[in-house]
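One-based numbering, in listed order, for ligands and for the atoms of each. Please read all numbers here as calculations on a predicted model, not as lab measurements. All values below come from the heavy atoms of this structure, side chains included, with hydrogens, waters and symmetry mates left out.
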Amino acid sequence: MKLGSLKLRNNLIAAPLCGISNRAYRVLCKRYGAGLTYVEMLKVESYLHHNRKTMTLKYYREDERPIGIQFAGNNPAWLAEACKQAEDEGYDIIDFNMGCPVPKIGKCGAGSALMAYPDRAAKCFKAMVDAVKIPVSVKFRAGVNDGNLNFIQIGKLAEENGIVACTIHPRTRQQSFAGQADHSRTAELKAALKIPVIASGDINEPDFGVKLLKTTGCDGLMLGRGAWGRPWLFREITETINHGRVVTPSPTAIERLAVLREHYELLLECFSERHACQVVRKYATWYIRDIKGSAALRGRFSRVNSRVEFHEALDEAMELYEREMSRDNQSQSDPALAAVG
Ligand SMILES: Cc1cc2nc3c(=O)[nH]c(=O)nc-3n(C[C@H](O)[C@H](O)[C@H](O)COP(=O)(O)O)c2cc1C
């Protein structure tokens, strides 16, 4: 897929995700087949003020390319300045967030709240596009609420102002994350625009991703929650696109724990040991969710406070599953995995 001048190796993108899409997450998504990953959404004011938290959040390394950054804001001049700085900092693409429903962003008139002000949104698009040579994309929702579903209008304004691609998460701002994403809206947007349209929302299984590509005509898929603790979802979708089914078996419990180990080590590249422990607790929950006895393990991981403690917990879990596997080595399936969907 091409996003303006940026050519990607495929059409699968790892969503920008607040609190989630740090370097560790991005490296693993890329390893398993994401064609593009993003730093989580940054408020334009925080980015311009170089506050300490933002410095950590925007951290990336060369091995992550292509790498995108995403801004939320509603002030065209600030957004233009942020885009210039992001270009200088070497990002390959900039995304403009018009999808975030959280009050902290909405009360500043940014994120999905900006969808209620199309003229202002258009000014932001133009200011950002004019400020840089790298491509600028936008991500938005279906509208503010069911009474104002203006995603086609916003998409057309984006296209007219030089935005290279639109990602739609087809829920309304009012819906937040409730209900299902209505991808008939993705199809409508695709039919209305010439620039690439990327679908986001509820892509949790490979078959669903492939169905979306076919039924909506969308150009790419952006994976969010489906890839939490399951970065191999990118590989599974790629295989389903290429071969009509998942070819590589789903990782065993032991393999999942090995990915968790690597995830933690990668977290240490961007966070202090203590912070990495706090962050890895939630990832651990996701990696082990399909594993037999995960409740007890969750408790174990939720208390880790140092690298040593993390590795002790992981080693115990590994030993447990190695014993289970050798006990049941007649079986073709992984005995440690409980009803993996
Ligand atoms: C915890 C969380 C954080 C998110 N952070 C961002 C973000 O920083 N930028 C963004 O564009 N979308 C963000 N989203 C929205 C996702 O990118 C995605 O559009 C949405 O979750 C629907 O896709 P999914 O069902 O695949 O998760 C976030 C969603 C969640 C649940």
Determine whether more than 12 heavy atoms belonging to other residues, nucleotides or ligands lie under 6.0 Å from atom [atom1] of [X].
{"X": "His49", "atom1": "NE2", "value": "no"}
{"X": "Tyr117", "atom1": "OH", "value": "no"}
{"X": "Arg274", "atom1": "CZ", "value": "no"}
{"X": "Trp78", "atom1": "CH2", "value": "no"}
{"X": "Lys211", "atom1": "NZ", "value": "no"}

Going by the atom numbers of ligand 1, which of them fall below 4.0 Å from some non-hydrogen atom of [X]?
{"X": "Arg225", "value": "21 (O), 24 (P), 25 (O), 26 (O), 27 (O), 31 (C)"}
{"X": "Lys139", "value": "10 (C), 11 (O), 12 (N), 15 (C), 16 (C), 17 (O), 18 (C), 19 (O)"}
{"X": "Ala15", "value": "17 (O)"}

What protein heavy atom sits nearest [atom], and how far off is it?
{"atom": "atom 28 (C) of ligand 1", "value": "Leu17 CD2, 3.6 Å"}
{"atom": "atom 1 (C) of ligand 1", "value": "Trp228 CH2, 3.9 Å"}
{"atom": "atom 21 (O) of ligand 1", "value": "Phe177 CE2, 3.4 Å"}
{"atom": "atom 11 (O) of ligand 1", "value": "Gln70 NE2, 2.8 Å"}
{"atom": "atom 26 (O) of ligand 1", "value": "Gly224 N, 3.2 Å"}

Does an N or O anywhere in [X] fall below 3.5 Å from an N or O of ligand 1?
{"X": "Pro16", "answer": "yes"}
{"X": "Cys18", "answer": "yes"}
{"X": "Met41", "answer": "yes"}
{"X": "Asp202", "answer": "yes"}
{"X": "Ser200", "answer": "yes"}
{"X": "Ile20", "answer": "no"}

Salt bridge or not between [X] and [Y]? Use side-chain N to carboxylate O under 4.0 Å.
{"X": "Glu205", "Y": "Arg230", "result": "yes"}
{"X": "Asp146", "Y": "Arg171", "result": "no"}
{"X": "Lys58", "Y": "Glu89", "result": "yes"}
{"X": "Arg261", "Y": "Asp315", "result": "yes"}

Inset, instruction - Compute the minimum heavy-atom distance from Tyr38 to ligand 1 and say whether it is under 4.0 Å. - result: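 Distance cut 4.0 Å: Tyr38 fails for ligand 1.
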
Inset, instruction - Tell me, please: is Gly99 in heavy-atom contact with ligand 1, that is, under 4.0 Å? - result: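 Gly99 does not count as a contact of ligand 1 under the 4.0 Å cut-off.
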
Inset, instruction - Mark yes or no: Arg9 above the aromatic ring of Phe234, with NZ or CZ under 6.0 Å from the six-membered ring centre and no more than 45 degrees from the axis. - result: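 That pair does not qualify as a cation-pi contact.
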
Inset, instruction - Please work out whether any backbone atom (N, CA, C, O) or any side-chain heavy atom from C-beta onward of Asn97 is under 4.0 Å from ligand 1, and answer side chain, backbone, both or neither. - result: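 For Asn97, only side-chain atoms sit under 4.0 Å from ligand 1.
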
Legend entry - Candidate list Glu265, Glu273, Glu312, test side-chain hydrogen bond (donor to acceptor under 3.5 Å, both in side chains), partner Arg307, passing option: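 Testing each of Glu265, Glu273, Glu312 against Arg307, the sole residue satisfying side-chain hydrogen bond (donor to acceptor under 3.5 Å, both in side chains) is Glu265.
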
